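Counting convention: from 1, in listed order, for ligands and their atoms alike. As the structure is a prediction and not an experimental result, all values here were calculated from the model.
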Amino acid sequence: MAKLRSVKGMNDILPADMGRWHRVEAAFRHRAERYGYAEVRTPLLEPTELFVRGIGEVTDIVEKEMYTFEDKGGKTLTLRPEGTASCVRAWLQHSVGGQEPVTKWYYVGPMYRRERPAKGRYRQFHQVGCEIYGDPGPYVDAELIDMVVGFLRELGVLDVEVLVNSLGSGDTRERYREALVAHLEPHRATLSEDSQRRLEANPLRVLDSKAPEDQEAAATAPTLLDFLSDEDRAHFDGVQDTLTALGTPFQVAPRLVRGLDYYTRTLFEVIGRGGDLGAQSTICGGGRYDGMIGDLGGPATPAIGFAMGVERVLLSMPDEAAAAPLDVFVVAEAGVRAPATALARELREAGLRVEADLRGRSLKSQFRRADKSGAPVALVLGEREVDGGGVQLKELGKGTQTSVPRDALVASVREALG
Ligand code: HAM
């Protein structure tokens, strides 16, 4: 029989790696909450139409990458490829806009895209992201970008580049579209198949095509910045001035368009230059989508957000950023396993992370496990200690051992942990 394996591009995250995952997720939650965001959780499955209308029909995600299927009732459902459309749906469905002038949400969870798997690119991957409804910017745009940079810095990801652009709004886009089609038309014959098909329907997509044959036409195309209206330009200047005031380095990238159709005005990406990232170097992408809520049937409402790939953050992070998984390892003689269980419980109730080997193995084999566990402290319990009421406290890194009275145990362990 063939061996059972996980779906290609979908990975198990094993306990050995979980310390790093928790570190990223906890740092993100703390930061988002310090900035006034509240967590939202939406279903992994949504009606397919949400993504087709939200992300845009002529995009890589909708044309090629969605996991779409019919359920037993004949409904067409899709595993969410991103979080933005789902958040807007939830915000509209629960009339949140009527209850608060500005909504700030964050989310953490898996997303699904049927892309070609590679290092940093998976079919199930995880995003942390934020969305804001009701603030037209430009200050909040810069604050959002600065928050991402601060989050990465906290995790030791220092070698990054922040790219910003503006896609304009309203008829800026229409005027630019015409100019772009006029530029691309003479190149039509040499463009990739996808780009030829998209030339009229969605010429902006030609600009973020990865196909080598599209690169020259994309690199020589006119840029959106030359088409911005006065209002759009003032908005983009506001974003840049605020970033400068915050001391956040950035570069204007006039050809940055990103692969989703909903963006207007501010657009940004954070590119990682260090770590183990390789070719999938975009750690974070985001932007403003002032038209989406209206397009999905809601009241015209400005919106902006970003999402970061957790796997890519992990690949960029230095190793030492992971926390030790355990505080204490309890080593016990076979005859005192019941009091050892009570001792471990007492420490856990006090908030410490404790593991004990309760199989009755030799002390030597328990010490071997304690050393491997990464716990800085081992507590050793034998018949003698139970009778006398004390416990041996061993600092594993230093090799020192002291006898600690039972009623001072928690305080002594905390002291040893520093
Ligand atoms: P996105 O650029 O499609 O934007 O994805 C954001 C981030 O998710 C990427 O920068 C990358 O780190 C990660 N990512 C995307 N696809 C994969 C993959 N196949 N494997 C691993 N990581 C991946 C969005 O999803 C928008 N919803 C962002 C946004 C929020 N815009 C406004 N609000």
Check ion pair Asp295-Arg53 (N to O, under 4.0 angstrom): no

Minimal non-hydrogen separation, Thr190 against Glu213, with atom names: O-CB, 3.5 Å

Side-chain ion pair, Arg5 and Asp12, N-O less than 4.0 Å: no

Enumerated ligand 1 atoms positioned under 4.0 Å from heavy atoms of Gly287: 32 (C)

Asp261/Arg205 salt bridge by N-O under 4.0 Å criterion: yes

Per-atom contacts of ligand 1 with Gly120, taking only distances under 4.0 Å to non-hydrogen atoms: 20 (N), 21 (C), 22 (N)

Contacting atoms of ligand 1, where contact means under 4.0 angstrom from a heavy atom of Gly286: 31 (N)

Geometric N/O contact Glu311 with ligand 1, under 3.5 angstrom: no

Ligand-residue contact atoms, ligand 1 with Tyr263, heavy atoms, under 4.0 Å: 26 (C), 28 (C), 29 (C), 31 (N), 32 (C)

Ion pair check, Asp232 and Arg265, cut-off under 4.0 Å: yes

N/O separation below 3.5 Å, Tyr107 to ligand 1: no

Closest to atom 9 (C) of ligand 1 among Ile132, Thr282, Leu277 (heavy-atom distance): Thr282

Min heavy-atom dist Arg258 to ligand 1 below 4.0 Å: yes

Nearest candidate to atom 14 (N) of ligand 1, where distance is taken over non-hydrogen atoms, out of Tyr122, Phe306, Phe125: Phe125

Salt bridge flag under 4.0 Å for residues Arg123 and Glu115: no

Contact check: Arg121 vs ligand 1, nitrogen or oxygen atoms, below 3.5 angstrom: no

Proximal atoms of ligand 1 relative to Cys284 (non-hydrogen, under 4.0 Å): 10 (O)

Electrostatic pair Glu63:Arg198 at N-O distance under 4.0 angstrom: yes

Gly309 N/O under 3.5 Å from ligand 1 N/O: yes

Those atoms of ligand 1 less than 4.0 Å from some heavy atom in Glu82: 25 (O), 26 (C), 27 (N)

More than 12 heavy atoms of other groups within 6.0 Å of Arg345 CZ: no

